[in-house]
Number of protein chains: 2
Amino acid sequence: MDKREERLHQILQATITVLSKEGAEKLSMRKVAKVAGLSLSNLQYYYKDKDALLIAAVQHYFESCQEELTLELNVLKFESEPSITIYLQKLLDLLLMNGKSNDHLMMFQEIWALSSRNKELQKAVEIYYSNYCVWMMELISSFSKKPEVILSLLVPYAEGYSIVSNVLPLDKEKVIEMLIQIILNLTE
Amino acid sequence: MDKREERLHQILQATITVLSKEGAEKLSMRKVAKVAGLSLSNLQYYYKDKDALLIAAVQHYFESCQEELTLELNVLKFESEPSITIYLQKLLDLLLMNGKSNDHLMMFQEIWALSSRNKELQKAVEIYYSNYCVWMMELISSFSKKPEVILSLLVPYAEGYSIVSNVLPLDKEKVIEMLIQIILNLTE
DNA sequence: ACCTGAACACCGTTCAAGT
DNA sequence: ACCTGAACACCGTTCAAGT
C-alpha cells in the first residue's frame, strides 16, 4: 500500500466513523479532516467536495459489508444442515436484523436518505443490492427450484423488517416460523 | 384558526416543502424563515431550534399521511369486490409503492435517517406505524382469520419493497401474484 | 503531486432589546 | 406574547501560494 492509498483509506475510515456516530447532518469536511489528521485544504485535495467524499465513503462501506456478508453466508452451507427447516431457521435468523446491528441500520438509513438526492449514490446502492441478490440467489438455489420467487420475497422483507419490526404483532420467532411455512409452500 | 395557529401551519408547511425538495441536509432555519415569510429570530420564537422544528414538521407530515391513507383505504371495501383475489390485487397494488410516490419515499427516507439520531422522532415514527397497523389489521380482518400473520408479512414487505424493488428479478405484477398466493395459502 | 492559509457567504444558537 | 438585530463559532467552497 503506497502513501496515497494509505491516506485515502485513513480519510474514508474517518468519514465512516463520523457518519455512523453522528450522522450525515453533523458530518463536516473540517471534522473529517481533524479525525483523519490532515488539514481541510489537504482533505479537499483528495476529495474535492463533501459529495465526492460521501460517495467514496459509502462505496468503501459497501465493500466491507460485502466481505462481512460473504463470511457470514459461507458459514451457512445447506449441505451441512440436517434439514431444510433448520437451515432456513438459521438463514432467516441471520437475515432479520442480526447482520444489521444498530450501527449497521443507522448507516443504511443515512445512505438511503443521501442516495435519494444523489444519482451516484443511488447507483452505488443499486450495485450493492444487486450483488446481494446474486449471493442470495445462489444460496436459495441450493434448496429451491424457484429462487427468483423466494428472493423477491425475502430481500424486501428483510429490509422492511429492519424498519418496522418493533410494531409487528408477531415476535421474531413467530415471523421466522411464518416465513418458513411460506417458503416450504412455495418450494414444494 | 387564530393567528398563532395560522403562523405555525405556515411554518410547518414551509419546512415540509424544503425538506421534500432539498432534504434535511440542506434545510436551514434561515431558509425556512424566508419561505415562511418571517425573520429568523421570530421563527426561533415558535420553534426554539432546528430539532424542535423538524419534530413538529414530521408530526404534521404524518398527520396528513394518515388522512391520505384513510381516504385511499376507505375506497377499497372488501364487500364491494367480486372476489378475494381481485380485492387483494387492488390492495397490494396500492400498498406497493403507489401510495409512496417519489416525493413520499424521499420524505420517509429522510425521516428514517433523522429518527435514528433522535428519540422523539423515533417515537413519532413508531406511533405512525402503529396506527398504520391498526388500519391494516381491520382491513385484513375482513377477509382473513389470521390478520396478525398477514399483517406481519405485508407491512414489512411494503416498506422494504419501496427500497429494493428495482433490483428484484420479478416485476410488480409477478410480485403481487406471489403475495396473493401466499396470502390465500395462509388464510385457508 | 501534495499541502497551506486566508477569504467568502452561509449556518445554528444566544442574547439583549423593542412593541 | 410576538418580533428585531447583532454577535459568536462553525460550515463548504474558492483561490493564490508554497514544496
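In what follows, chains carry the letters A, B, and so on, assigned in the order in which the sequence lines appear, proteins first and then strands, with residues in each chain numbered from 1.
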Nearest-nucleotide pick for Tyr46(A), side chain only, options being dC3(D), dC3(C), dT4(D): dC3(C)

Non-neighbouring partners of Thr17(B) that pass side-chain contact (heavy atoms from CB on, under 4.5 Å), sequence neighbours left out: Lys21(B)

Qualifying residue, where the test is salt bridge (charged side-chain N to carboxylate O under 4.0 Å, His left out) with Glu25(A) and the options are Arg117(B), Lys26(B), Lys50(B): Lys50(B)

Gln10(A) CD to dC3(C) C1', straight-line distance once rounded to whole Å: 14 Å

Under 4.0 Å protein heavy-atom contact, by nucleotide of nucleotides 12-19 of chain C - B base, S sugar-phosphate only: BBB-----

Contact summary for Val32(B) and Ile11(B), nearest pair of heavy atoms: CG1-O, 4.2 Å

Contact under 4.0 Å: Ser39(A) side-chain N or O vs dT4(C) OP1/OP2: yes

Any donor-acceptor N/O pair, Ser115(A) side chain to Ile111(A) backbone, under 3.5 Å: yes

Same-atom distance (P) from dA17(C) to dC2(D), integer angstrom: 22 Å

Phosphate-side-chain proximity, Arg4(A) and dC2(C), N/O vs OP1/OP2 below 4.0 Å: yes

Partner nucleotide, any strand, of dA1(C) [Watson-Crick/G-U, under 3.5 Å]: dT19(D)

N or O in side chain of Tyr45(B) less than 4.0 angstrom from dC3(D) OP1/OP2: no

side-chain contact (heavy atoms from CB on, under 4.5 Å) partners for Ile127(B), two or more places apart: Asn131(B)

Rounded interatomic separation in angstrom, taking CG from Leu43(A) and C1' from dC11(D): 13 Å

Plane angle bin for Tyr128(B) and Phe62(B) - parallel if under 30°, tilted between 30 and 60°, otherwise perpendicular: parallel

Distance, rounded to the nearest Å, where Leu8(A) contributes CG and dA1(C) contributes C1': 13 Å

Length of the line joining Glu5(B):CD and dA1(D):P, which is rounded to integer Å: 17 Å

d(NZ, Lys26(B); C1', dC11(D)) in whole Å: 14 Å

Partner nucleotide of dT13(C) by Watson-Crick or wobble geometry (both distances under 3.5 Å): dA7(D)

Closest heavy-atom pair and its distance - Tyr157(A), Leu153(B): CE1-O, 3.3 Å

